[in-house]
Structures are given as structure tokens and as C-alpha cells.
Trainee: 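Pasting in a structure now, in C-alpha cells, and then I'll have a few things to ask.
So you know, we letter chains A, B, ... as the sequences are listed, proteins then strands, and number each from 1. Heavy-atom basis, side chains included; hydrogens, waters and symmetry copies ignored. Note that the structure is predicted; figures quoted are calculated from it, not measured.
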There are 2 protein chains.
Amino acid sequence: MGTTQLESVPEPKYWHLKTVLSDALDSEFAVGEILPNERELAARFGVARATLRQALEQLELEGRLQRRRGVGTTVAPPRVGVSVGDPGHSWPGTGDAADAWQPVDSHQAVPPAAVARLLDAGPDEETHVVRRTRMSHGQPLAAELLYIPAGSVPGLSAIDAPGGPARARTVLRELCRLELEGQDQAVELGSARADDAKELDRLPGSPVLIVTTRYYAQGRTAAVAVATYRADTCRLTFGDTGGGVQLLAG
Amino acid sequence: MGTTQLESVPEPKYWHLKTVLSDALDSEFAVGEILPNERELAARFGVARATLRQALEQLELEGRLQRRRGVGTTVAPPRVGVSVGDPGHSWPGTGDAADAWQPVDSHQAVPPAAVARLLDAGPDEETHVVRRTRMSHGQPLAAELLYIPAGSVPGLSAIDAPGGPARARTVLRELCRLELEGQDQAVELGSARADDAKELDRLPGSPVLIVTTRYYAQGRTAAVAVATYRADTCRLTFGDTGGGVQLLAG
DNA sequence: AAGTGGTCTAGACCACAAG
DNA sequence: TTGTGGTCTAGACCACTTT
């Protein structure tokens, strides 16, 4: 049971390496501490750099490490608990300060097919698109695109507001006039698109948790939000105990 | 804005490859269809196999492809929407048939430190551990470990039930006698442990979505579930419209 | 300029599934 | 036995950050 398996099924090197490194992180390193560089670690363990990297990649995926080009590999802090569930069913932008969403911009565009499907919209129907960013302790946690069909915000036929945050706020304010009847959400794994990656201070392709929220009002889908959370630093919480960003909601 | 960037920041090869393959999947391949093998694809695109694999890995991460050793690479079906939120706040095992959780086994053990913390238990306190599997269409979706302090199920001091599913069911039945007062959940990215990987029919280290559920009863944490969902095939839904496994809850 | 992680190559061998 | 994806090597060069 508790034995060591005696290599009857030989463990891949990178898997064993990962275990060794993981234990070392627990016992010998402090959060924020910088590890020896990849070439040295590989030499020290007697493996090729690619193999060492395979282990580091998994540890980064699990939120144990953080790697930055030109800088080095550091021990990551525990993941931040981020409230996502919002049991109060409120519109975006109406939360308290802990919500920490910052409007960035807004424009009009045809949504991607998957979003159009959720909106029951035609494939070529334009929507307002509001970009927001969620921050915590100066670090970006998530980048979001909010898709709002023109029909949901009838007060916005005349677009006087300039670009940038001001316009985004105008659209959100208009959206809040509707009575929200419900929402549902889905979470899945994805990889960061180039634009989101930039917003999140990560490389394109980094693993992200994609949260799709559908807002219901007036008996139909009034808006759809697609939020991209950094998978390395975030733990998404859906709780009765709701509310804002938590550090170690243990 | 909408321009093509003219390579001022040269795109990595694997990133471009991923785009090309992704478009090809949309237009030229049907779900379940098998792709040419990696050596041939690499030759066809004029890149090393490792580079081609980097592109395939990302597409698999996004749920577009499925790769099986000894078999080949196939086009994956759309992700399955799996209801996780459970707005009714019911105990595990009390859902309808669509719930599709199957008890596997039960034993007693000291939970990992992270779980003990959630249970407000001492680091060496034993709990009942119930293993369950969630299936859909013959495919395993998730593997779960349910940790139940002995104090939550006082009726179980005498353990007469044999091992296996029968014993697991006995523990769950006993747990249901408590009045559930609430629950909260968290979702984060992880990599499959060896035991979960086996249960999920994946290789160890595959990306998984880890759902941690805390059940409240009698004014304290009465149980903690740690469920490991296949990230490649699952989209976790937290909805007002709740209920069971959905295929494309679009 | 030096040092870091990120990308890429061209091989090799292994574990697994299917004929 | 054959063919597949999975692991591993020993290099090379590039992009980025810091000094």
C-alpha cells in the first residue's frame, strides 16, 4: 500500500523530478524566493534541460512556481481566492469595492459565433463590447469581454461618449437599468488569446480559466460575459459566503 | 487596429501552427476523425516533431483534440456541460439519476493538510474517505474523494459494512441524516494525481479542474469533497437553470 | 553585456494498442 | 509485429530583463 512501487511501472523522469522539486519547495524555499536557473537545475539533477522544463511547467500549472523570461523562476504565493458566483445576481459593475473590476474600453462589433449562439442573435448582429480588467494587489487577475446586444440598452442609440473607460462606464450604467432576472455560469480551461495575455501580463497560450456568464432580463439573454482568469494565480470561488477577493479563504 | 501586425513581433511557429490546425479542424475534419500521425504532420508543415507537438498540446488543452498512445490523434467532440453548482444544496448522493455519481469505495485515513484545514480538524485526525466516480455516456468525467470526519456520522462507530461500493453507500446514507445548512465551492486548475488519472482514463499529470466543495451542517464544516474533472472534456456549469449533465447547454 | 526563460531542431528509445 | 503517441537528449538560437 504505502510502498514505493519498485519501478514495476517505471515513472517518467520529469514526474519524479516534479515530486522532488515539490518537496523541496515545501521545505527549503520561501515564497518569492528565486530558484537556480534551468541550466543549473538540469545539470544538478542530471537531466536534459527540456526534461527539467517539463517538470517546471507542471509545477507552474499547479500554481507552485512562477517563471518570467529574463528574470528567473520564483516560488509562487498561494492562489488568490476570487469570488465569481455572485449569488445576489447583480449586474456587472454594481458590486462593492472589493469587486475590483475596472472598465477599460468599449466598442461595437460582431461577437464570435459561440457568443452569438448564447445571445440567440444572428451570426452578423453587432453588439456593444465592453472590456474590463479585474485587479487585485496590483496584479491583473482577469480580462473580460462583455457582449451586450443593442436591444438590451435602447438608451444607447446615440453614441456620444468618447472611447476609453468613460464610454465603457456609460454602457454599463445603461445596462443596469434593466431588471436582472437570473444568470448562469460555466467554467472551462482554455489558453490565453494574444490580447488577453497582454492584459494579464502573461505569454499567449498560457492556461486560463474561462468563465462564461449569461445574464437574463426581459425573458431573454440580455448580455454575455466571457472572463479570462489567470489559471496559475486564481482559485475561483462560488459560495454562499460570497463577496469579493479573498486571500486564502481557508 | 484590425491589421495583421506584419511580424513586427514574430509569432512563434507553434502558435501559427496551432491557428492553421485549428482552422483546418473547423473546415476539413469531422468529430472523431483521425488526423495524420505526428511525424507526418511535422514533415508536412516543415517543422520538428517537438514543435508540432507543442501545437497539438495546446489544442488538446482547449478540448479540440484527443490523443491516445498507440492509437492516434482524433478530433474531440464539444465539451460536455456538467452541472456542479447544485443550487438546491443537497448532500452528495441524493441527486436524480442524471447526477451519475457512482460510489466506488470507502476507508478511513488522515486527510491531506489542505483538507484538514477546511475541516477545522487536527492534522492527524482520521476521517472517512469515500471515493466516487462521475460518468457520462460511458466516459469517466470526474473522480472524487469525500472526506467526512467521524463526528459528522455518529452512527458509524461500528464498521460492519464490507469494503467496496456497499460500504461507500452506507457512509453516504448516514451523512444524509444531517440537515445541510449550506455549501461553498472553489474551482482551480491542477494536474491529475496517479490514482485519479487511472480513474479518469488519462495519463498522470493531465490538466484537470479541481472542484472543492465544503458542506456545512450543525454550524460547522461537516464534510469536504475534492472532485477532479477532466479539463479536456468538461465544462463546469453553475446555474440557476441547474440539473445534471447537459450536452452543449448552448 | 550578461543572464534568464522561450523556442526549435534532429535525432533516439519506450510504452501501448491493434492487427 | 507494426504504428502510434510519450519521453528524453544535447545541442542551438532568440526575446527579454537587468546591470
Trainee: Whole-Å distance between C:dA17 P and B:Ile34 CD1?
Mentor: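 B:Ile34 atom CD1 is separated from C:dA17 atom P by 14 Å.
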Trainee: Please state how far atom CD in B:Gln54 lies from atom C1' in C:dT9, giving the value in whole angstrom units.
Mentor: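 Whole-Å distance recorded here is 12 Å.
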Trainee: Do A:Gln185 side-chain atoms and A:Val84 backbone N/O form a donor-acceptor pair below 3.5 Å?
Mentor: yes
Trainee: Would you mind reading off the distance between B:Arg53 atom CZ and D:dT4 atom P, rounded to a whole angstrom?
Mentor: 14 Å
Trainee: Given atom CZ of B:Arg49 and atom P of C:dC13, what is their separation to the nearest angstrom?
Mentor: 14 Å
Trainee: With a 4.0 Å cutoff (strictly under), does any side-chain N or O of B:Tyr14 reach OP1 or OP2 of C:dT7?
Mentor: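 It does, given that an N or O in the side chain of B:Tyr14 lies less than 4.0 Å from OP1 or OP2 of C:dT7.
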Trainee: Consider the side chain of A:Thr51, meaning its heavy atoms from C-beta on, and name the nucleotide among D:dT9, C:dG6, D:dT7 that approaches it most closely.
Mentor: D:dT9
Trainee: Between C1' on D:dT7 and NZ on A:Lys18, what's the gap in Å once rounded to a whole number?
Mentor: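 It is 16 Å, rounded to the nearest whole Å.
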Trainee: Kindly say whether, by distance alone, the side chain of B:Arg39 makes a donor-acceptor pair under 3.5 Å with the base of D:dG3?
Mentor: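 Such a pair does not exist between side chain and base.
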Trainee: Nearest to the side chain of A:Pro12, heavy atoms from C-beta on, is which of D:dC8, C:dG6, D:dT17?
Mentor: D:dC8
Trainee: Between B:Glu60 (side chain) and B:Glu57 (backbone), is there a donor-acceptor pair under 3.5 Å?
Mentor: no
Trainee: Grab the CG-P distance between A:Leu52 and C:dG5 for me, whole Å please.
Mentor: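 Those two atoms, CG and P, are 9 Å apart.
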Trainee: Between B:Asn37 and D:dG3, does any side-chain N or O lie under 4.0 Å from OP1 or OP2?
Mentor: no
Trainee: Across the strands shown, which category fits A:Leu56 at heavy-atom distances under 4.0 angstrom: base, sugar-phosphate, nothing?
Mentor: nothing
Trainee: Whether A:Arg68 contacts D:dC16 is assessed here as follows: a side-chain N or O lying under 4.0 Å from the phosphate OP1 or OP2. Is that the case?
Mentor: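 No, no such contact exists.
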Trainee: Would you call B:Asp232 and B:Arg202 a salt bridge, taking side-chain N to carboxylate O under 4.0 Å as the test?
Mentor: yes
Trainee: Assess whether a salt bridge exists between A:Arg131 and A:Glu144, defined as any Lys/Arg side-chain N lying under 4.0 Å from an Asp/Glu carboxylate O.
Mentor: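 Result for this pair is no, no salt bridge flagged.
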Trainee: Report yes or no: does B:Arg79 contribute a side-chain atom to a donor-acceptor pair with the main-chain N or O of B:Ala231 at less than 3.5 Å?
Mentor: yes
Trainee: Would you indicate, yes or no, if C:dG5 has its OP1 or OP2 atom less than 4.0 angstrom from a side-chain nitrogen or oxygen of A:Thr73?
Mentor: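 Looking at the OP1 and OP2 atoms of C:dG5, one of them is under 4.0 Å from a side-chain N or O of A:Thr73.
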Trainee: Send over the distance from B:Leu35 CG to D:dG3 P, rounded to a whole Å.
Mentor: 19 Å
Trainee: Where each residue is assigned the nucleotide of DNA chain D containing its nearest heavy atom, which of B:Arg69 and A:Val47 is assigned the position nearer the 5′ end?
Mentor: B:Arg69
Trainee: Is there a side-chain polar atom (N or O) of B:Arg67 under 4.0 Å from OP1 or OP2 of D:dT4?
Mentor: no
Trainee: Distance check needed: C:dG6 P versus A:Leu41 CG, whole Å only.
Mentor: 13 Å
Trainee: Toward the 5' end of DNA chain D, which comes first, B:Gly72 or B:Pro204, by nearest nucleotide?
Mentor: B:Gly72
